[in-house]
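Working notes, structure below.
Any value given below was found using the heavy atoms of this structure, including those in side chains, with hydrogens, waters and symmetry copies removed.
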Amino acid sequence: MGQAFSLPSSGLRYLLGHALVYSDHIAICSPWLSDVDVRLPLAPGVDDRRMKLAAAISKFDTIVDVYVLPDEPSNEYALYRLSEMNNVDVTKVPNLHAKAVVTRNYVYVGSANITRGGLLTNLELCKIVENQYMSVDGYIQKELNL
């Protein structure tokens, strides 16, 4: 069985930043998605440690697969910002309720959407677990059937 630990949903901002800086491929699965503030780690090439999600994605070469609900007006601004980027692929999934941030090595799973409420306001349950598939696509396909 893999290792796991809890993470307050506010810590998800740091996890997103870490994933963007240190991963070559991530998946963000959030039915509702906003251009939230992320926190980047101290790392070479990181001058501004606070930035919006879309700005952080555009700064790094990380390939980002995004899974969201279709026809959700609250997602429009974030999706508009992400649609301009070559390293982002957006998939709209009907009836999506799963929330995850997937990297090759670890996966955030929990109840928090990648929104201001999900990260800062709501009481959410969040865990980080090892990615037993050692692949972003493998996890997304086998665990979420996407």
Side-chain angles (χ1 to χ4, degrees), residues 1-43 45-46 49 51-72 74-120 122-146:
M1 181 170 181
Q3 298 291 316
F5 64 91
S6 296
L7 175 78
S9 56
S10 61
L12 189 50
R13 297 179 301 162
Y14 294 94
L15 182 124
L16 281 165
H18 183 274
L20 289 169
V21 170
Y22 292 113
S23 300
D24 58 355
H25 180 202
I26 69 170
I28 298 171
C29 183
S30 180
W32 295 274
L33 180 71
S34 300
D35 196 14
V36 295
D37 290 322
V38 297
R39 302 293 186 260
L40 303 174
L42 288 171
V46 176
R49 296 193 53 222
M51 58 179 59
K52 296 290 187 185
L53 178 61
I57 290 172
S58 70
K59 181 172 177 61
F60 301 100
D61 294 328
T62 307
I63 295 168
V64 180
D65 296 329
V66 176
Y67 299 88
V68 296
L69 280 172
D71 305 318
E72 181 56 50
S74 62
N75 292 340
E76 288 179 11
Y77 179 73
L79 294 179
Y80 169 75
R81 299 283 316 272
L82 297 175
S83 70
E84 302 170 344
M85 298 176 204
N86 295 328
N87 60 327
V88 175
D89 183 43
V90 174
T91 302
K92 296 179 179 179
V93 182
N95 301 316
L96 180 68
H97 195 69
K99 290 92 173 171
V101 175
V102 182
T103 74
R104 182 179 178 276
N105 296 316
Y106 59 85
V107 180
Y108 150 81
V109 291
S111 61
N113 287 292
I114 308 300
T115 61
R116 188 174 192 293
L119 301 182
L120 299 173
N122 303 338
L123 296 175
E124 306 283 357
L125 180 61
C126 308
K127 294 276 185 197
I128 306 295
V129 297
E130 291 181 53
N131 184 345
Q132 63 186 353
Y133 303 102
M134 296 300 290
S135 159
V136 172
D137 291 335
Y139 186 91
I140 292 294
Q141 291 168 1
K142 299 216 172 151
E143 295 296 325
L144 298 175
N145 296 321
L146 298 176

Classify the ring geometry of Tyr106 against His18: parallel below 30°, tilted from 30° to 60°, perpendicular beyond 60°.
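Tilted, since the angle between the ring planes falls between 30° and 60°.
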
Backbone of [Y] reached by a side-chain donor or acceptor of [X] within 3.5 Å:
X      : Y      : answer
Ser10  : Leu119 : no
Asn75  : Leu79  : no
Asp35  : Leu53  : yes
Ser30  : Ile114 : yes
Ser111 : Glu124 : no
Thr103 : Ala19  : no
Asp65  : Val90  : no
Arg104 : Ser135 : no

Would a 4.5 Å heavy-atom cut-off, applied to side chains only, mark [X] and [Y] as touching?
X     : Y     : value
Arg39 : Arg49 : no
Thr62 : Asp24 : no
Val64 : Asp89 : no
Val66 : Leu33 : yes
Met85 : Ser58 : yes
Leu40 : Phe60 : yes
Ile26 : Leu20 : yes
Ile57 : Val88 : yes

Show, in sequence, the C-alpha distance, side-chain angles and deciding distance for Tyr108 and Leu12, and conclude whether the side-chain contact (heavy atoms from CB on, under 4.5 Å) test is met.
CA-CA 8 Å; Tyr108 150 81; Leu12 189 50; 3.8 Å; yes

After noting the C-alpha distance and the side-chain angles of Lys52 and Val38, does the key distance pass the side-chain contact (heavy atoms from CB on, under 4.5 Å) rule?
CA-CA 6 Å; Lys52 296 290 187 185; Val38 297; over 6 Å; no

Can you measure from [atom1] ([X]) to [atom2] ([Y]) and round to the nearest 0.5 angstrom?
X      : Y      : atom1 : atom2 : answer
Asn105 : Tyr22  : CG    : OH    : 13.5 Å
Leu69  : Asn95  : CG    : CG    : 8.0 Å
Lys99  : Leu125 : NZ    : CG    : 11.5 Å
Arg81  : Ser34  : CZ    : OG    : 12.5 Å

Consider only side-chain N and O atoms of Ser6 and Lys127, and report whether a donor and an acceptor are under 3.5 Å apart.
yes

State, without any angle test, whether Glu143 and Tyr133 hold a side-chain donor-acceptor pair at a distance under 3.5 Å.
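On atom types as modelled, these side chains qualify, holding a pair under 3.5 Å.
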
Could you walk me through whether Val68 and Val93 pass side-chain contact (heavy atoms from CB on, under 4.5 Å), step by step?
CA-CA 6 Å; Val68 296; Val93 182; over 6 Å; no

Salt-bridge criterion met for Arg13 and Asp37 (N-O under 4.0 Å):
no

Could you tell me which non-hydrogen atom of [X] sits nearest to which non-hydrogen atom of [Y], and how far apart they are?
X      : Y     : answer
Ala43  : Val21 : CB-CG1, 3.9 Å
Asn113 : Pro31 : OD1-CD, 3.1 Å
Leu96  : Tyr67 : CD2-O, 3.5 Å
Cys29  : Ala98 : SG-O, 3.4 Å

Tell me whether the count of non-hydrogen atoms from other residues, nucleotides or ligands lying under 6.0 Å of OH in Tyr80 goes above 12.
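Open.
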
Should Leu16 and Val101 be marked as a side-chain contact (heavy atoms from CB on, under 4.5 Å) after you check the CA-CA gap, both sets of side-chain angles, and the distance that decides it?
CA-CA 8 Å; Leu16 281 165; Val101 175; 3.9 Å; yes

